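Below is one structure, written out as C-alpha cells, with a few remarks after it.
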There are 2 protein chains.
Amino acid sequence: MGRPTDTRDRILATARELFLEKGVRDTSLQHIADRLGITKPALYYHFSSRDDLLRTIVTPMFEELEAFLAEQAGATAEELLGAYFDLAWRRRDTLVMILSDLSVLHELDLIARMLAFREGLTTILMGGAPELGARIRATVAVGGLSDTVVMFPREPYEQVRQAAVAAAIMALRG
Amino acid sequence: MGRPTDTRDRILATARELFLEKGVRDTSLQHIADRLGITKPALYYHFSSRDDLLRTIVTPMFEELEAFLAEQAGATAEELLGAYFDLAWRRRDTLVMILSDLSVLHELDLIARMLAFREGLTTILMGGAPELGARIRATVAVGGLSDTVVMFPREPYEQVRQAAVAAAIMALRG
DNA sequence: GTCTATAAGTTGATAGAC
DNA sequence: GTCTATCAACTTATAGAC
C-alpha cells in the first residue's frame, strides 16, 4: 500500500476528476499525467497499474456498502432506504462513475460483489428469500433511488431525499 | 443505407450478439470479423465505419421511443407506464447494451436525444412542467421500470410486467 | 464482395539515467 | 521521485489485387 504521498493524493484527485468528466474508459494514464503536468512513468511509481489506481478510487464505496448492510440488520424498510440514500448521495461521484460505465465493474471483477450487495439489501428489505414480485418491487425501489442520486446531484439534498425515499417506499409496497 | 444484403444481416446479428455478450466497448471489428469467419475490410464494404454499424443497431430503439411519445399524448399514467414497459421489454437487448455502457450514447451523440425523451415522458406523466418533487418521483418510476427489464430479462413477461408497472405507478404517486 | 498488406495512432507498461 | 526513450499489442481505417 504505502503511505499517502503528496503526489499520490494529487494523482487520485485528478484521476477522480477525469473519470467523472470524461468517463473511466475514456481517461488514459496519459490524460491524467498531462493534466497533472507530470509524465506517465511517474504514475507508475505511485501505483503499480491502471487497475490499482482505479481500484483505489472505487473500492471504498463497496466497503462502505458492505459495512452498511451489516449494521442495518434489524431496521425498517424506511430506515433502510433512507440510510441507503444517504450513503449513495455521499458517494455519488463514485456511483456516477460506475453507473455511467458498468463494464468498469467487470474490469475490476466487482460484479459479484455488487450483485451480492443488491441481493443482501433486497433480502433485508423484504425479509427472508422473497418471491419474484417482491424482488421486482425492491429493484424498482433501489434502482429508482440510485437513479435520482445520479440525475439530481446538484439539487438540494433535503428535497431530493424526501421525494426519492418516499417514492421508493411506495414502490416497495407495490 | 443500401439494400439488406445477406452478409450485411449476418454482420448485424453477430455484432448485436457480441455487443451484448462482451459489451460495446470491448468488442472490436476484429472480434466481429473473426466470429463471422470473414476479414475486417469485408465489414467496411457493408458499413462505412464502426460508428455506422453501431448506429444502425442502436437508433431503431430511439425512433420507436420518439414515435411512442408522439402517440401517447392523452394517455393515463398507468397506460403510459405499461406501454413504456412493453417497448423497453421488446427492445431489452438494445437497452442492456446502452445501460451497460452509457458512454456509447456519448460516442454516438445521443445523450441529448435520450434526455429529451426522458423529459418528454416525465412531462406527459406529470402534466405540464412539474416541480422538483414530481420529477424525482417520475425518475424513480421510469428508472426503476427500466432496471427491472435489465435485471429480469429471462423471467416471464407477464409476471415482471405486472409487478414492475404496479411498483412504478405507486412510486409516481409518492 | 472479399482478400492481403499496411498505415497511423493510441494504449498500458518497462528499462535505465539522473 | 521523476525523467527520456522505447516496446509490444491493439485499434480503426484504407489501398489495391483478385
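Since this is a predicted model, take the numbers as computed values, not measurements. Here is how names work: the chains are called A, B, and so on, in the same order as the sequence lines, proteins then strands, and each is numbered from 1.
Contact annotation: B:T7 side-chain N/O to C:dG1 OP1/OP2 distance is not under 4.0 Å. Of the side-chain N and O atoms in A:H31, none sit less than 4.0 angstrom from OP1 or OP2 of C:dT10. Residue B:T39 has a polar side-chain atom (N or O) positioned under 4.0 Å from OP1 or OP2 of C:dC3. The shortest distance between the side-chain N/O atoms of B:Y45 and the OP1/OP2 oxygens of C:dG1 is below 4.0 Å.
Residue contacts shown for A:S28 are limited to sugar-phosphate atoms, with no base heavy atom under 4.0 Å away.
The distance between atom CG of B:D52 and atom P of D:dT12, rounded to the nearest whole Å, is 14 Å. Between A:L54 atom CG and C:dT11 atom C1' there is a gap of 15 Å when expressed in whole angstrom units. Look at NE2 on A:H46: it is 8 Å from C1' on D:dT2, rounded to the nearest Å. As rounded to whole Å, 10 Å separates atom P of C:dT11 from atom CG of A:D26. The CZ-P distance, from B:R25 to D:dC10, rounds to 18 Å in whole Å. Atom pair A:L36:CG and D:dG1:C1' shows a separation of 14 Å (rounding to whole Å applied). Computed from coordinates, the A:Q30 CD to D:dT4 C1' distance equals 13 Å when rounded to whole Å. Here C:dT2 presents its C1' atom at 15 Å from CG of B:D34, a figure rounded to the nearest Å.
In summary, the side chains of A:Y44 and A:D52 do not present any donor paired with an acceptor at a separation below 3.5 Å, with no hydrogens or angles considered. Remark: the A:H106 side chain and the A:S103 side chain contain no N/O donor-acceptor pair separated by less than 3.5 Å.
The residues A:K40 and A:D34 are annotated as not salt-bridged, no charged nitrogen and carboxylate oxygen being separated by less than 4.0 angstrom. Taking 4.0 Å as the cut-off between side-chain N and carboxylate O, A:E66 and A:R113 count as a salt-bridged pair. Between A:R161 and A:D86, at least one side-chain N (NZ, or NE/NH1/NH2) sits under 4.0 Å from a carboxylate O, which counts as a salt bridge.
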What protein N or O atoms touch nucleotides 13-15 of chain D N or O atoms at under 3.5 angstrom, if any, and at what distances?
residue, atom, partner, partner atom, Å
D:dA13, OP2, B:Y44, OH, 2.9
D:dA13, OP2, B:R50, N, 2.8
D:dA13, O5', B:Y44, OH, 3.2

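Applying the side-chain contact (heavy atoms from CB on, under 4.5 Å) criterion to A:L87, with sequence neighbours excluded, gives A:E64, A:L65, A:F68, A:R90, A:R91. The side chain to side chain donor-acceptor pair (under 3.5 Å) test applied to B:D51 returns B:R55, not counting sequence neighbours.
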